[in-house]
Novice: 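Just dropping this structure here.
Predicted model only: the values in this text are computed from it and were never measured. The analysis underlying the following values was restricted to heavy atoms, covering all of them including side chains, and did not include hydrogens, waters or symmetry mates.
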Amino acid sequence: MGDGVEETPTPGSVLLLLEMATLWIELDTCRPLEIFMARMPEAVRELRRGLGATLRGFRESSPLDQAAIGRITSYSRTSISHIESGRQFPEREFWRVADQALNANGVLLERFDNVVEREKQIRIAELRGGQVRRDDDTPPEPRFSGPPHDEDWHDDVNRREVLRLVAVTGSLLAIPSIDADRVLHAAERPRRLDSATVDAYSHLNANLWARFGESRSKRDVLPVVRHQLDVLRSSLNEPQAVAVQQRLCALAADLFQLCGEVFFDVGSYAAAAQCYAEAAHASKEARQPDLWACAMTRHAFISIYEHQYRRAVPLLDGAAQLALRGDPTRTTRYWVAAVRAQTSAGLGDLPSCQRSLGEAERVADLTDRAPSTGWLRFEGARLDEERTSCFVKLRRPELAEPALNKALGQATSARRRGSVLVDLATVGAQRGDVDQLVLNGAAAVDSARRTSSVGYLGRKLGDLQAQLMPYVGDRHVRYLDSQIRDVVSVASSQ
């Protein structure tokens with residue numbers, strides 16, 4: 001890490017390496033042995049090659065490469081390559097995880113089950129001495145819409161990605177602070193970059209974060225982020241000065257966190273977790289403890305939103321240790337404290353929650369404050385929302401409601417307003433006030449529909465649904481339940 005920081009891993013960094021899985025243990029249960037392949041019927045080989053090609057098609061239509069899929073599924077990059085070529089055939093759990101990571105909507109899992117069933121039929125036919133029918137003798141499978149089998153779908157995805165890339169890149173390169181010629185020249189010749197080029201990359205990252213914050217549909221920034229990651233990857237693969245190499249690692253960590261935010265916003269938590277893991281690894285290489293701590297904190301958010309609060313604790317403990325080693329003018333340690341308060345509230349620990357909130361409030365005493373960045377925007381302005389969210393989790397409506405009404409008046413975006421409204425509706429449910437529940441719940445649904453990024457609000461509304469059960473005898477509550485179901489289904493389809 002930075003000057004004056006020893007290289008020996010601390011408990012926090014060890015937890016990071018375990019939890020973030022930058023060096024995954026290979027749990028490869030595939031069977032690539034050539035002797036096995038030699039006696040495998042050609043019909044089975046073709047089935048497996050077809051399944052591997054399906055996996056490759058989904059992967060190439062996503063921002064994940066073979067190494068990233070390997071980390072998510074606990075396989076090596078080489079194994080993923082073998083699986084895509086049909087030379088290896090992992091168990092069903094691999095296909096379940098891959099299907100989720102690639103948003104394949106069950107297609108990969110269904111294809112795997114079909115292959116297993118067909119293999120059984122082939123081997124039974126062999127044992128009986130019958131002729132095994134080759135795949136080229138079988139009638140073609142009916143086409144279905146969805147990646148990667150529908151050419152029209154592919155054309156549409158590629159067209160939309162190119163248009164978004166052109167639109168976003170064009171607007172960003174038009175910003176005066178970015179030297180467009182230098183950026184384009186460096187993308188073509190990534191060897192031995194100078195500091196001015198890295199500065200231009202840094203400006204580009206900052207403006208990507210700004211575009212992310214302004215966009216109704218957060219995923220719109222993903223194509224250009226993906227392109228810029230490719231540029232950084234090319235630069236990191238070339239000889240660079242040590243200082244430039246570290247800055248490039250920091251920029252990559254920055255963009256990995258932005259990718260994670262996009263995926264988190266639409267509820268794709270497996271992909272978000274992978275992005276945060278990559279961000280943590282790149283931050284470590286860059287010797288940037290604040291950047292590293294923020295990657296861990298974002299990763300912890302995933303466990304919090306899945307109500308797995310104990311899993312968030314070690315990540316936040318590690319993040320807190322790293323933040324203490326970081327820049328004291330940054331707000332990192334106070335943001336970590338605010339997220340720790342959420343975790344304590346989820347665990348039902350009011351005293352710990354209040355201690356963490358008190359620590360987070362000390363951000364107001366930070367006079368010599370470093371400027372906000374894309375990956376660290378905590379300034380304490382939303383502490384009222386953080387506090388009320390904690391009190392809602394703790395089922396303390398008398399503490400939550402006054403601050404929620406204040407936070408509602410400060411909410412400037414549909415996303416923030418919707419979040420506060422869900423909490424107000426939850427308070428109504430906790431108090432048994434059906435009118436408050438229905439009124440604020442309906443307003444939250446309206447806010448979710450007015451934003452293209454419904455994943456975050458969809459998840460909160462899904463949590464609110466569980467609070468409706470005692471009141472389903474009321475027709476207004478039943479109608480609210482149906483409206484929430486519609487929003488949640490849209491969030492899931494994204």
Side-chain angles (χ1 to χ4, degrees), residues 56-69 72 101-105 146-148 150-175 177-178 180 182-188 190 200-237 248 251-276 278-279 282 298 374-375 451-456 491 493-494:
R56 183 174 63 252
F58 274 102
R59 179 183 59 75
E60 290 176 349
S61 297
S62 79
L64 304 178
D65 58 13
Q66 288 180 336
I69 293 296
I72 293 172
L102 295 171
N103 293 318
N105 296 321
D150 193 323
E151 289 81 3
D152 293 336
W153 185 92
H154 255 313
D155 290 343
D156 184 52
V157 167
N158 291 331
R159 181 169 56 253
R160 282 187 285 115
E161 180 159 335
V162 169
L163 289 174
R164 286 176 178 174
L165 182 60
V166 170
V168 179
T169 305
S171 62
L172 289 173
L173 293 182
I175 297 170
S177 61
I178 296 177
R182 181 180 291 276
V183 170
L184 295 174
H185 177 80
E188 296 172 357
Y201 285 167
S202 181
H203 286 304
L204 180 59
N205 278 22
N207 284 287
L208 282 170
W209 277 100
R211 176 58 62 91
F212 170 79
E214 296 165 359
S215 298
R216 286 187 71 242
S217 179
K218 305 302 184 185
R219 65 177 65 194
D220 285 348
V221 303
L222 198 56
V224 72
V225 172
R226 181 177 171 184
H227 173 76
Q228 183 61 9
L229 281 171
D230 284 339
V231 171
L232 293 176
R233 178 173 54 86
S234 298
S235 300
L236 286 166
N237 282 333
L248 289 173
L251 291 171
D254 182 5
L255 287 183
F256 280 132
Q257 294 200 50
L258 178 52
C259 284
E261 290 287 275
V262 174
F263 288 125
F264 182 85
D265 189 76
V266 299
S268 184
Y269 297 143
Q274 178 60 28
C275 290
Y276 298 146
E278 295 288 355
R298 285 189 164 89
W375 48 269
T451 175
S452 298
S453 301
V454 299
Y456 168 78
S493 69
Q494 285 190 345

Novice: Could you tell me which non-hydrogen atom of Leu251 sits nearest to which non-hydrogen atom of Ser202, and how far apart they are?
Specialist: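 Smallest interatomic distance, heavy atoms only, reads CD2-CA, 3.7 Å.
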Novice: Yes or no on side chain to side chain contact (heavy atoms under 4.5 Å, CB included) for Val221 and Trp209, after CA distance, side-chain angles and deciding distance?
Specialist: CA-CA 9 Å; Val221 303; Trp209 277 100; over 6 Å; no
Novice: I need the Asp254 CG to Gln228 CD distance, nearest 0.5 Å.
Specialist: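 Reported value, rounded in 0.5 Å steps: 10.5 Å.
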Novice: If the test is side chain to side chain contact (heavy atoms under 4.5 Å, CB included), which one of Trp375, Phe256, Phe264 qualifies with Arg298?
Specialist: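 Among Trp375, Phe256, Phe264, the one meeting side chain to side chain contact (heavy atoms under 4.5 Å, CB included) with Arg298 is Trp375.
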Novice: Indicate yes or no for a side-chain donor-acceptor contact from Tyr201 to the backbone of Leu248 under 3.5 Å, with no hydrogens or angles considered.
Specialist: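 It does not hold such a pair.
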Novice: Identify the two heavy atoms, one from Leu229 and one from Cys259, that lie closest to each other, and give their separation to 0.1 Å.
Specialist: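 That would be CD1-SG, 3.8 Å.
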Novice: Checking Ala68 now: which residues fulfil side chain to side chain contact (heavy atoms under 4.5 Å, CB included) with it, not counting sequence neighbours?
Specialist: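 Checked Ala68 against side chain to side chain contact (heavy atoms under 4.5 Å, CB included); matches are Leu64, Asp65, Gln274.
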Novice: Can you tell me how far the CD atom of Gln257 sits from the CG atom of Asn205, to the nearest 0.5 Å?
Specialist: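 Gln257 atom CD to Asn205 atom CG measures 11.0 Å (nearest 0.5 Å).
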Novice: On a heavy-atom basis, which atom in Ala101 and which in Ala270 lie closest, and how many Å separate them?
Specialist: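 In this case the closest contact between Ala101 and Ala270 is CA-CB, 4.3 Å.
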Novice: Please report the closest heavy-atom contact between Glu261 and Phe212, naming both atoms and the distance.
Specialist: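 The answer is CB-CZ, 3.7 Å.
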Novice: Roughly how far, to the nearest 0.5 Å, is the CG atom of Leu102 from the CD1 atom of Ile72?
Specialist: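 Ile72 CD1 to Leu102 CG: 7.0 Å, rounded to 0.5 Å.
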Novice: Rounded to the nearest 0.5 Å, how far apart are NE2 of His203 and CG of Leu208?
Specialist: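 Here the interatomic distance stands at 13.0 Å.
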